[in-house]
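Reading through the structure tokens given below for one structure.
All residue numbers refer to positions in the sequence shown, counting from 1. Reckoned from all heavy atoms, side chains included, excluding hydrogens, waters and symmetry mates.
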Amino acid sequence: MKSEKQLTLRILINSTPWHEVAPRTYGGIESFCANLAKGLDALGAEVGIVSPGNLNIDGDHNIIHFQSLRQSANQNYSQPEPLIARHNAFIDALRSTKWDCVSDHTLIGSQMASLTSTPAVLTAHRIMDEQYRALYGAISRHTPIVAISNRQAELAVDVNITTVIHHGIDTDVYRPTSHPSDDYLVFLGSMTQFKGAHIAIEASRQSGYPLIIAAKCQEQGELNYFEEFISPKLGNDVTWIGEVGGTDKINLLANASGLIFPVRWEESFGLVIIEALSCGTPVIAFNRGAVPEIITNERTGYVTQDLKSMVKAIEHIDQISRSTCRKEALERFDYRAMASSYLATFTKSIARYHSTNMLQNL
């Protein structure tokens with residue numbers, strides 16, 4: 001029971017308009033929002049969340065759900081109707097009570113929060129390319145921004161980064177097996193050239209491992225990439241099973257010899273890496289983006305430079321201790337520690353917001 005001196009913060013999480021929280025299959029940002037909400041709730045915060053579809057957060061919690069219109073995966077993301085309906089749901093949520101802070105995971109929520117004089121903290125989930133650096137830079141002039149990796153913060157030229165907080169997951173859900181039932185590698189993500197499924201095929205074949213590809217393939221660019229670079233290479237040793245989630249995803253990771261992550265861009269984090277580690281599964285990845293922050297080279301996997309070194313690393317995958325992978329996930333990437341860091345950031349940002357407003361009103 002809280003004492004009168006303890007402050008209960010009211011946090012409104014503004015998720016994306018595309019997937020449920022938590023998503024049934026693909027949806028890294030939405031999975032993050034689920035873990036953040038669950039963690040904040042466990043810490044005693046009053047939590048609301050704006051998201052489409054149903055609220056699929058497991059466990060006993062008191063999270064308030066403000067349902068917005070869900071956009072079909074087959075719709076063009078540029079169509080305005082779902083966005084308008086979704087922003088209306090967010091405004092209704094903002095006005096439903098006096099929130100202490102908005103935790104924004106879009107590019108517009110922090111601007112809309114100002115309509116009700118509510119402090120906001122924006123988490124930057126996107127790649128820090130020229131376009132997003134300009135957008136985040138403009139927003140950071142008046143809104144605190146959390147980077148999700150040191151590499152993302154390093155690339156955020158002209159963006160005022162308030163702090164860096166790594167993602168966390170429910171390590172009680174992603175559990176390992178000491179003896180994998182199948183001798184295969186797994187690629188898990190989306191079907192784009194930047195994620196490198198075609199490289200995963202080549203690396204697994206050269207190393208003699210079967211490969212299972214579990215990837216989102218819905219948008220036209222993903223379909224084109226699949227037809228040109230993936231479909232012709234499928235065979236007895238390379239299987240594509242589409243999107244997976246829940247228990248199927250956990251079993252797929254936990255029983256694999258390793259996760260292969262041949263990312264070809266400056267990945268801001270890489271949630272599937274810590275999901276694999278929590279299952280005790282080593283990760284072999286290219287040295288791009290946040291990869292060297294997450295994987296401890298030669299301890300929880302291998303950070304490689306190219307296809308040749310990736311193949312060589314796969315040949316030594318059995319030298320990585322699965323219990324060590326699990327141990328690092330527990331120590332570094334549990335959602336409760338992540339939520340605690342966010343709560344501290346929200347508290348500081350709220351105080352700074354009100355202090356600034358007080359000075360401006362003098």
Using a 3.5 Å distance criterion without hydrogens, assess whether the side chain of Tyr136 forms a donor-acceptor pair with backbone atoms of Asp158. no
What heavy-atom pair brings Thr324 and Thr300 nearest, and what distance separates the two atoms? O-CG2, 4.3 Å
Can you confirm whether or not the ring centre of His167 sits under 6.0 Å from the ring centre of Phe333? no
How about Lys233: does its NZ atom have over 12 heavy atoms from other parts shown lying under 6.0 Å from it? yes
Check the orientation of Phe66 and Trp99. Use parallel for under 30°, tilted for 30 to 60°, and perpendicular for over 60°. perpendicular
Between Ser51 and Glu30, is any side-chain donor less than 3.5 angstrom from a side-chain acceptor? no
Taking C-beta and beyond as the side chain, do Leu36 and Ser103 meet within less than 4.5 Å on heavy atoms? yes
CD (Gln206) and CD1 (Ile201) are apart, to the nearest 0.5 Å, by 12.5 Å
Modelled atom types, side-chain donor and acceptor of Gln218 and Glu222, under 3.5 Å: no
Are Ile314 and Leu307 joined in one hydrophobic group, where the rule is that I, L, V, M, F, W and Y side chains link up if heavy atoms are under 4.5 Å apart? yes
Does Arg322 reach the main-chain N or O of Gly280 with its side chain, forming a donor-acceptor pair under 3.5 Å? yes
Aromatic rings Phe269 and His166: how do their planes relate, parallel, tilted or perpendicular, breaks at 30° and 60°? tilted
Taking Asn287's backbone N and O only, do any of them form a donor-acceptor pair with Gln305's side chain (distance below 3.5 Å, no angle check)? no
Quick one: does any side-chain atom of Arg133 pair with a main-chain N or O of Ala156 as donor and acceptor, under 3.5 Å? no
Verdict with supporting geometry, Leu234 and Thr239, side-chain contact (heavy atoms from CB on, under 4.5 Å): CA-CA 6 Å; Leu234 298 178; Thr239 307; over 6 Å; no
State, yes or no, whether a side-chain contact exists between Leu343 and Leu9 at a heavy-atom distance under 4.5 Å. yes
Presence of salt bridge, Glu154 and Arg151, under 4.0 angstrom: yes
Side chains of Leu223 and Glu227 in contact at under 4.5 Å (non-hydrogen atoms): no
Arg336 and Asp172 ion-paired at < 4.0 Å: yes
Please test Ile169 against Tyr174 for side-chain contact (heavy atoms from CB on, under 4.5 Å), starting from the C-alpha separation and ending with a verdict. CA-CA 8 Å; Ile169 59 171; Tyr174 285 86; 4.0 Å; yes
Nearest 0.5 angstrom please: Gln193 CD to Phe229 CZ, how far? 7.0 Å
Asn62 and Asp41, any side-chain heavy atoms less than 4.5 Å apart: yes
Let's go through Thr296 and Glu328 carefully: what are the C-alpha distance in whole Å and the side-chain angles of both, what is the deciding distance for side-chain contact (heavy atoms from CB on, under 4.5 Å) to 0.1 Å, and is it a yes or a no? CA-CA 9 Å; Thr296 303; Glu328 281 220 6; 3.1 Å; yes
Short side-chain to backbone donor-acceptor contact, Glu266 and Gly289, under 3.5 Å: yes
Taking atom CE of Met191 and atom OG of Ser231, what is their separation to the nearest 0.5 Å? 9.5 Å
If the plane angle is over 60° it's perpendicular, under 30° parallel, otherwise tilted; pick one for Phe226 and Trp240. tilted
Keeping Arg24 on the side-chain end and Val244 on the backbone end, is there a donor-acceptor pair under 3.5 Å? no
What is the distance from atom OG1 of Thr171 to atom CG of Leu277, rounded to the nearest 0.5 Å? 12.0 Å
Report yes if the side chains of Ile145 and Val121 come closer than 4.5 Å at any heavy-atom pair, otherwise no. no
Does any N or O in the side chain of Asp104 come within less than 3.5 Å of the main-chain N or O of Gly109, such that one atom is a donor and the other an acceptor? yes
Before giving the answer on side-chain contact (heavy atoms from CB on, under 4.5 Å), spell out for Leu115 and Leu94 the whole-Å C-alpha distance, their side-chain angles and the decisive distance to 0.1 Å. CA-CA 9 Å; Leu115 297 173; Leu94 270 176; 5.6 Å; no
So the salt bridge (charged side-chain N to carboxylate O under 4.0 Å, His left out) pairs with at least one residue in residues 186-196 (sequence neighbours excluded) are Lys195-Glu267
Ion pair Lys249/Glu243, N-O distance below 4.0 Å: no
Say whether, by atom type as modelled, one donor and one acceptor occur between the side chain of Gln152 and the main chain of Ala124 under 3.5 angstrom. yes
Side chain proximity check, Leu252 to Ile241, heavy atoms < 4.5 angstrom: yes
Can you get from Ile230 to Ile212 by hopping between Ile, Leu, Val, Met, Phe, Trp and Tyr side chains that sit under 4.5 Å apart? no
Check for a donor-acceptor pair, side chain of Glu20 on one end and backbone N or O of Gly53 on the other, with a separation under 3.5 Å. no
Exercise: do Ser278 and Arg175 side chains pair donor with acceptor under 3.5 Å: no
Between Asp170 and Lys38, does any side-chain N to carboxylate O distance fall below 4.0 Å? yes
Is Val159 reachable from Ile139 through a run of I, L, V, M, F, W or Y residues, each pair having side-chain heavy atoms under 4.5 Å apart? yes
Kindly give the heavy-atom pair with the smallest separation between Thr106 and Leu122, and that separation in Å. O-CD1, 2.9 Å
Inter-residue atom distance Asp237.CG - Leu211.CG, 0.5 Å rounding: 8.5 Å
Determine whether Leu40 and Ile13 make a side-chain contact, defined as any pair of heavy atoms from C-beta on separated by less than 4.5 Å. yes
Between CD1 on residue Ile260 and CG on residue Leu188, distance to nearest 0.5 Å: 13.0 Å
Do Leu271 and Val291 sit in the same hydrophobic cluster, where Ile, Leu, Val, Met, Phe, Trp and Tyr count as joined when their side-chain heavy atoms come under 4.5 Å apart? yes
Out of curiosity, does Val303 fall in the hydrophobic cluster containing Leu259 (side-chain heavy atoms, cut-off under 4.5 Å, transitive links)? yes
Can you name the closest pair of heavy atoms from Pro23 and Gly27 and give their distance? CG-O, 3.3 Å
Are Tyr342 and Thr123 close enough that a side-chain donor and a side-chain acceptor fall under 3.5 Å? yes
Considering all heavy atoms, the nearest Ala254-Thr281 contact: CA-OG1, 3.8 Å
Which heavy atom in Ile161 sits nearest to a heavy atom in Ala147, and how many Å separate them? CG2-CB, 3.8 Å
Pairwise side-chain contact, Val50 with His65, heavy-atom cut-off 4.5 Å (strictly under): no
For Gly196 against Arg264, the heavy-atom pair lying closest together: CA-CD, 4.3 Å
Heavy-atom donor-acceptor pair, Tyr335 side chain to Ala37 backbone, under 3.5 Å: no
